[in-house]
There are 2 protein chains.
Amino acid sequence: MKEKYAGSVLPRARPRPGGGCGPGPDPCAACTARVISVCDAVSPEDLPRLAALTTPLEASAHRTFIAAGDRADFLFNITGGVVKVYRLLADGRQQITGFLFPGDFLGLATNNTYAFSAEAVTDVRYCRFPRKGLEQFLDDVPKVEKRLLTIASNELAAAQEQMVLLGRKTAREKLATFLVMLGGRMSRLGDSTEEFSLPMSRADIADYLGLTTETVSRTFTQFRTEKLIALPKNDRVRVTDRPALAALAEAE
Amino acid sequence: MKEKYAGSVLPRARPRPGGGCGPGPDPCAACTARVISVCDAVSPEDLPRLAALTTPLEASAHRTFIAAGDRADFLFNITGGVVKVYRLLADGRQQITGFLFPGDFLGLATNNTYAFSAEAVTDVRYCRFPRKGLEQFLDDVPKVEKRLLTIASNELAAAQEQMVLLGRKTAREKLATFLVMLGGRMSRLGDSTEEFSLPMSRADIADYLGLTTETVSRTFTQFRTEKLIALPKNDRVRVTDRPALAALAEAE
DNA sequence: CGGGACTTTGAGCAAATTCAACCATTGTGG
DNA sequence: CCACAATGGTTGAATTTGCTCAAAGTCCCG
């Protein structure tokens, strides 16, 4: 199992392992993830109202907490841990469309049902908002709606980036891009860019990059042989030749 | 050149070839694309104000009217013709992230610059809005902002779909998906689902599906041999076995 | 210490690419 | 009006990248 990863994602997060909402009457005010999420757009005086809508929840590693086809009654904000968002084909082929980290937002749905599934990669903490209530809240606090639009735009840009990766990059370029991206992300969460944890399995990395586990593994080995990276543990990378890795990643 | 395609995309559109905004004092009110676009969320009394912000423009086939890196001062609404949105890698590899049709919206940008380029595939008509002015307008007409969020959500869902295609589908499945999608899109624009125009080149299809022109061409030939489709002209498809094509497309 | 899950490695294979030639359509200039 | 160049599309052969199938190897954790 993967419980080992729990809490390793926010090494310097303060109040609770894995980060997350604080307890007490005003949990959102104490939320360690707030500064990097939607909730940042909420002014202090509106926080209690947001908190009233919020249900803080947890999911242990490998739990699927959103299944494609479910009624899309909720929106989510990840406060601790790592989540994978994915789609399946009928025969089981899986494409992971994104990994979510603390502060990331989830749940923008087109119809009344989710078109994707979401599974906890590590133990996860998240806040759940009922769509109905949140929509009301959004009407009253337009700033948050703007923020949502910004978030959606960012995700759209990221999605386009990922399409370039999936459609036009080689296995080496894909993995290099992934490592650079993950390093950046991890460092923003308090880990170092040079050495950081790799919370997801090889299979998940493969399903994110449009490859097989074997190819991911082989490419890791190549990179290690070429001294671009080191793998002190299976779930930890040290980038030893950042320029070379970045060059591979940004064939653009 | 491709001028031959101009106007072939909205066969039943009324007022002008290729559709587009009407002339005169209230062009938006006469816009044939309005009913299927953002502008639909604008109430009649606000239309003049929107019209005041709008600059109707044209671009002939193959003209790049947004280049990645440009300052993102404008938003766009396609009113006639077909546009491709794409990204390039340094060595020229291209990934088309989407084709836009009349009613489609374009320009959501993360930073101050566009991260993508946009090129007219056929002769194109479009409306241009200055970001600044539009933002003001959005503040006053929250309904439109909501609509934008909905559009962004839809695009996000489409982007995820495309990631599945790029990362996990075979060449045959990719082309089948593309044809089904295009058929649906074309029929909503007044063409038939059974036979419709194929306004983009094989190279563009390849760059959209993460394949090479050769593979696209070979797969077209396969489909023709298997009597799934017919190609009365190079730029026209007739779907002769829709169920089979759909089955190939939706391996999901 | 042993079982299970995950990862790595190897060998052969297949899908898609590359490189190259050929064909078809269209538009141009003689 | 026809020849012909140009562009885009198709086809073929050889090659390559990444996949499949199979077998070890590793690392936890109990």
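For clarity, every value in this text was computed on a predicted model and none was experimentally measured. Below, chain A is the first sequence line, B the second, and so on; all start at residue 1.
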Holding to side chain to side chain donor-acceptor pair (under 3.5 Å), I want the full list of residues that pass it with B/Asn154, two or more places apart in sequence or in another chain. A/Thr110
To the nearest Å, how far apart are B/Asp91 CG and C/dT17 P? 15 Å
Measure the angle between the two terminal helix axes of the helix from C/dC1-D/dG30 to C/dG30-D/dC1, five base pairs each, and quote it to 10°. 30°
Please tabulate, for the side chains in residues 216-224 of chain A, all donor-acceptor contacts under 3.5 angstrom to protein atoms that are two or more places apart in sequence or on a different chain.
from, atom 1, to, atom 2, distance (Å)
A/Thr219, OG1, A/Thr215, O, 2.6
A/Thr221, OG1, A/Ser217, O, 2.9
A/Gln222, OE1, A/Arg172, NH1, 2.5

In whole angstrom, what separates A/Ile205's CD1 from C/dT7's P? 8 Å
For B/Arg168 and D/dG18, give me the distance from atom CZ to atom C1', rounded to whole Å. 11 Å
Any salt bridge between B/Arg238 and B/Glu194, counting N to O under 4.0 Å? yes
Take the protein atom CG of A/Leu198 and the nucleotide atom P of C/dT8, then report the distance between them rounded to whole Å. 10 Å
Look only at the side chain of A/Ser201 and the backbone of A/Asp204, and say whether a donor-acceptor pair between them is shorter than 3.5 Å. yes
B/Thr215 side chain N/O closer than 4.0 Å to the phosphate oxygens (OP1, OP2) of C/dA16? no
Looking only at the side chain of A/Glu214 (C-beta and beyond, no hydrogens), which of the listed nucleotides D/dC21, C/dA16, D/dT10 gets closest? D/dC21
Rounded to the nearest Å, what distance is computed from the NZ atom of residue B/Lys233 to the P atom of nucleotide D/dT10? 14 Å
Using a 4.0 Å heavy-atom cut-off, does B/Thr213 contact any base of the nucleic acid, only the sugar-phosphate backbone, or nothing at all? nothing
Euclidean distance, atom NE2 of residue B/His62 to atom P of D/dT7 [Å, nearest integer]: 12 Å
Could you tell me which residues satisfy side chain to side chain donor-acceptor pair (under 3.5 Å) with A/Gln160, sequence neighbours excluded, listed by chain and number? B/Arg87
I'd like to know if B/Arg168 pairs up with A/Asp91 as an ion pair, taking the criterion as any Lys NZ or Arg NE/NH1/NH2 lying under 4.0 Å from an Asp or Glu carboxylate oxygen. no
In whole angstrom, what separates B/Arg202's CZ from D/dT10's C1'? 9 Å
As a test of reading the structure: which of C/dA20, C/dA16, D/dT20 is closest to the side chain of B/Thr170, going by heavy atoms? C/dA16
Are B/Tyr208 and B/Phe178 close enough that their ring centers fall under 6.0 Å? yes
Give the nucleotide from the list D/dG9, D/dC19, C/dT9 with an atom nearest to the side chain of B/Asn234. D/dG9
On the ring face of B/Phe76, is B/Arg128 found with NZ or CZ under 6.0 Å from the centre and within 45° of the axis? no
Start at the 5' end of DNA chain D and walk down; is the nucleotide closest to B/Ala203 or to A/Gly210 reached first? B/Ala203
A/Ser201 side chain: which of C/dT7, C/dT17, C/dT18 is closest? C/dT7
Nearest-angstrom distance from the residue atom CG of A/Leu231 to P of D/dT26: 15 Å
With a 6.0 Å cut-off on ring centres, are B/Tyr126 and B/Phe65 close enough? yes
Considering only heavy atoms, which members of residues 218-229 of chain A lie under 4.0 Å from some atom of DNA chain C? A/Arg218, A/Thr221
Could you note down all residue pairs passing salt bridge (charged side-chain N to carboxylate O under 4.0 Å, His left out) where residues 176-189 of chain A supplies at least one of them, sequence neighbours left out? A/Asp104-A/Arg185
